[in-house]
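Reviewing the structure listed below.
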Amino acid sequence: MYRTLVGVGMFCGLLIAIVFQGTLPVIERNRAEALERAVFAVLPAASQRTTYALTPEGEFVSDTDAVGQRVHAGFDSDGRLIGVAIEASGMGYADTITVLYGYAPEQEAIVGIRVLTSKETPGLGDKIEKDAVFLENFVALDVRLDPSGETLQHRIVTVKRGQKTQPWQIDGITGATISAKAIGEILATSSERWVPIINEQLEQLVAGESDDES
Amino acid sequence: MTSRNRKAVIGTDEFIKGIWRENPVFVQVLGMCPVLAVSNTAINALAMGLATAFVMLMSNTLVSTLRNFIPKQVRIATYILIIATFVTIVDYAIEAISLDLHKSLGAFISLIVVNCLILGRAEAFASKHRVRHAVLDALGMGIGFTLALLCLGGVRELLGDGALFGVAVFPDGFEPWIVMILPSGGFFTLAAWLLLINHMQQRKEAKTGRVQEVPR
Amino acid sequence: MSAKNKTLEIDTSPHIVSGASVEVIMRNVVFALVPVCIFSVYVFGLTALITLTAATLSCLLTEHVLCRWRGDRSTLGDWSVAITGILYGLTLPPALPVWMVVLGGVVAVGVGKFLFGGLGHNAFNPALIGRAFLQAAFPVSMTTWYPALGAERFAVLPPSTFTLPFASPVYDSISGATPLAVIKFDGDITAATDLLMGLTSGSTGETSGLLILAGGLYLIARKMMNWRIPVAIFATVFALSGVFYLIDPAAYPGPLFMLFSGGLMLGAVFMATDMVASPMTSFGCVLYGVLIGALVVVIRLWGGLPEGVMYAILFANAVSPHIDNLIQPRVYGTTERGAS
């Protein structure tokens with residue numbers, strides 16, 4: 001009885017190991033490509049990227065396989081720093097929304113956003129990914145630091161459609177108020193945390209050799 | 001009776017029954033979890049159907065091959081082990097083929113392992129029949145399952161998105177029925193299909209005056 | 001064949017025949033609804049008339065066709081479908097495209113009533129089933145409100161009303177917001193007199209609280225409606241929202257606003273009292289009303305949606321057989337434990 005179970009188990013284990021070995025490089029390449037696409041989508045001028053992990057001491061270390069506390073620096077073909085892509089998440093209307101957004105230190109603004117995962121209602125809440133007027137907000141969304149350099153001068157807020165007057169405001173979506181506000185909240189919380197850190201460590205990111213892995 | 005006997009020897013009946021007479025979704029109503037959950041688009045439905053069919057084919061083959069070696073006491077454990085192996089393989093394969101597809105199918109790939117349809121075929125059929133028949137049975141059931149999923153996925157994508165396999169079918173300005181791609185749309189569509197198929201079955205019975213035996 | 005037919009015949013309640021027939025009661029409900037309909041046409045204009053007509057006709061036609069298809073006598077004569085149709089029309093936004101109105105009407109009668117077995121067998125209020133389907137299918141259209149008392153409401157139709165079937169409706173730039181949406185998303189409160197008189201945006205027939213109450217009182221006076229259900233709902237909503245209003249008047253709307261805004265009046269008086277889908281015992285009806293009231297308050301105050309009357313009633317419909325089970329009156333001559 002045990003002999004059969006062990007035999008079948010070993011056979012199955014072997015099979016899985018073979019398939020795992022065979023597909024692993026393909027899967028990893030797919031993942032890297034998907035990440036690359038997302039990073040380049042939120043930093044339109046970038047053509048290379050380096051992933052940095054945030055150490056507990058608050059410093060950035062180049063680490064391609066970093067998970068968790070990490071940012072992706074995007075460089076143009078001359079190796080000049082274009083911006084930093086940051087992952088952020090928060091509660092939406094239906095479930096947690098995860099976004100990747102690009103922060104450009106030179107413009108002191110968010111220059112692109114991409115929704116990575118969201119279960120927002122199709123046709124309503126998912127306008128945060130499709131609505132042209134809404135996406136227009138993230139071409140240059142002001143996240144200027146205040147003079148102390150420790151926090152933002154203006155917190156990002158979502159306002160009602162058509163009432164945007166300031167560069168740090170997000171023009172909301174009629175009929176998807178909650179989802180649009182959720183995006184604003186996610187960006188506000190994340191930018192308040194990351195923008196000061198990135199600006200403090202800017203030299204490190206600019207100096208950081210961009211390793212070619214594409 | 002004789003014609004059925006002859007069919008049983010060749011095995012065509014084992015193949016055909018899964019597609020129509022004992023269709024896993026529309027007649028046996030088995031494996032409802034993936035049927036309702038990932039039939040929101042035709043692509044998802046096709047992928048889920050093929051993945052399930054593959055797992056069923058492989059596990060049926062293996063179970064049937066080993067049917068004389070597997071002790072009765074641990075047979076369910078062995079079947080689950082075999083099924084889980086192929087589910088894991090399918091999981092890797094889909095992730096390697098398309099990351100987006102893997103993401104949209106989500107946990108439901110791993111959940112193929114608990115699809116009662118597959119364990120049901122292993123226990124009720126493959127463990128008692130020759131390999132050739134087990135393969136035909138799995139192919140028939142797999143195709144039947146895939147077709148049923150496509151029926152649901154096609155209708156849901158058509159009404160819910162105005163498209164089929166991602167290609168827009170209706171002209172611009174079509175108002176999508178958002179409910180169809182939401183979970184409740186799965187129940188609506190399944191109910192509509194069951195209604196239609198049962199109605200057809202009843203009319204056929206009324207015509208021939210014979211009640212068809214439906215194995216449960 | 002023979003094995004299949006050996007079934008125990010069970011009939012759904014009620015088993016006791018009272019004097020008033022279905023037909024008489026239903027006709028009176030229609031009378032009670034007529035003022036509400038007329039007022040809604042006055043407030044929203046031609047488009048409300050078209051919506052109401054399309055809703056009623058689509059329900060009637062669906063019932064007729066399905067009855068004939070099943071080979072039964074058509075049940076149009078007993079007015080019950082007409083009520084479903086009118087109520088269904090009253091819950092819709094006035095400028096909803098006609099094709100959506102018709103589609104929802106087919107779902108209301110076909111799915112909400114006919115699939116459960118027709119008159120007297122529906123587990124849920126059919127009108128609300130139709131509305132719930134539309135709400136899930138076309139959320140944008142179902143939450144685009146036509147402004148009340150527009151200057152040209154009798155001369156010009158909104159462009160959305162006669163949208164081609166299956167095409168997306170185009171809406172005027174002028175659209176109203178319901179008092180509930182205004183308070184949920186903007187934090188402004190609509191004046192109580194406007195609410196009472198029904199001079200606000202909203203579903204076709206939900207706005208005129210006074211007329212709905214008058215219709216309800218007429219039916220109660222003629223003993224054709226169970227007064228416990230609406231009273232229990234109103235009392236619960238009033239008490240619960242009153243408590244929260246006293247705790248923090250800035251964050252929560254007052255109890256009167258809660259009573260007269262949204263579809264609460266229409267829902268409590270005409271929808272929740274659906275004789276088939278509500279419990280049978282008096283105490284059961286009170287429990288049922290309390291449940292609806294509590295759900296309405298919970299959904300409105302903490303839910304993502306501004307309005308929750310429809311879901312509250314549908315949920316309570318689902319629970320009502322269990323309420324009946326729970327508080328089954330003791331059979332005469334037996335003890336609590338069942339043995340005598």
Side-chain angles (χ1 to χ4, degrees), chain A residues 1-39 41 87 89 93-100 114-127 129-131 175-176 179, chain B residues 37 40-41 54 58-59 62-63 65-104 106 113 122 156-157 159-163 174-185:
Chain A
M1 190 158 90
Y2 295 111
R3 221 178 300 152
T4 327
L5 264 184
V6 169
V8 172
M10 279 176 66
F11 172 73
C12 290
L14 191 71
L15 213 57
I16 290 179
I18 293 171
V19 174
F20 179 70
Q21 286 299 331
T23 52
L24 190 62
V26 186
I27 292 173
E28 281 189 338
R29 206 178 59 224
N30 281 352
R31 281 198 179 139
E33 272 172 11
L35 181 64
E36 200 120 88
R37 266 204 309 275
V39 169
E87 228 172 87
S89 63
Y93 177 71
D95 201 352
T96 307
I97 302 175
T98 314
V99 300
L100 188 77
R114 188 160 187 187
V115 177
L116 298 179
T117 51
S118 112
K119 293 206 173 75
E120 302 299 281
T121 324
L124 278 181
D126 72 350
K127 279 188 186 161
E129 297 176 53
K130 293 170 186 159
D131 193 281
S179 304
Chain B
N40 49 354
T41 66
F54 171 78
M58 299 311 279
S59 64
L62 208 58
V63 165
T65 316
L66 300 175
R67 68 185 187 278
N68 294 328
F69 302 99
I70 299 173
K72 204 164 175 267
Q73 299 92 316
V74 294
R75 66 185 195 286
I76 300 291
T78 318
Y79 299 159
I80 288 290
L81 194 64
I82 292 171
I83 295 167
T85 306
F86 290 108
V87 170
T88 315
I89 289 174
V90 162
D91 193 21
Y92 287 138
I94 292 180
E95 200 175 357
I97 293 167
S98 162
L99 213 56
D100 286 339
L101 186 63
H102 191 261
K103 215 170 93 183
S104 63
V113 104
R156 288 178 69 183
E157 191 180 350
L159 291 177
D161 213 14
F174 172 77
E175 174 80 0
W177 304 20
I178 285 157
V179 68
M180 293 315 252
I181 32 180
L182 297 179
S184 43

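Letters A, B, ... mirror the listed sequences (proteins, then strands); counts begin at 1.
- The aromatic rings of B:Phe54 and B:Phe86 stand perpendicular to each other, their planes meeting at an angle above 60°, with 30° marking the opposite boundary.
- For A:Leu116, the part sitting under 4.5 Å from any heavy atom of chain B is the backbone (N, CA, C, O) and nothing else.
- For B:Ile181, the part lying near chain A is the side chain, with the backbone staying farther off; criterion is any non-hydrogen pair under 4.5 Å.
- Contact annotation for B:Lys72: neither backbone nor side-chain heavy atoms come within less than 4.5 Å of a heavy atom of chain A.
- Proximity to chain B is limited to the side chain of A:Phe11, based on heavy atoms less than 4.5 angstrom apart.
- In summary, A:Glu120 and A:Lys127 do not engage in a salt bridge, as defined by a charged side-chain N under 4.0 Å from a carboxylate O.
- If you tally non-hydrogen atom pairs under 4.5 Å between each of A:Ile18, A:Thr117, A:Thr4 and chain B, the highest count goes to A:Thr4.
- In this structure the side chain of A:Ile27 reaches within 4.5 angstrom of the side chain of A:Arg31, judged on heavy atoms.
- Looking at B:Asp91 and B:His102, their side chains come closer than 4.5 Å, going by heavy atoms from C-beta outward.
- Looking at B:Ile70 and B:Tyr79, their side chains come closer than 4.5 Å, going by heavy atoms from C-beta outward.
- Heavy-atom distances place both the backbone and the side chain of B:Ile82 under 4.5 Å from chain A.
- Taking OG1 of A:Thr23 as the reference point, atom CD1 of B:Ile94 lies at 11.5 Å (rounded to 0.5 Å).
- Contacts of B:Ile89 with chain A are made by both backbone and side-chain atoms, with heavy-atom separations under 4.5 Å.
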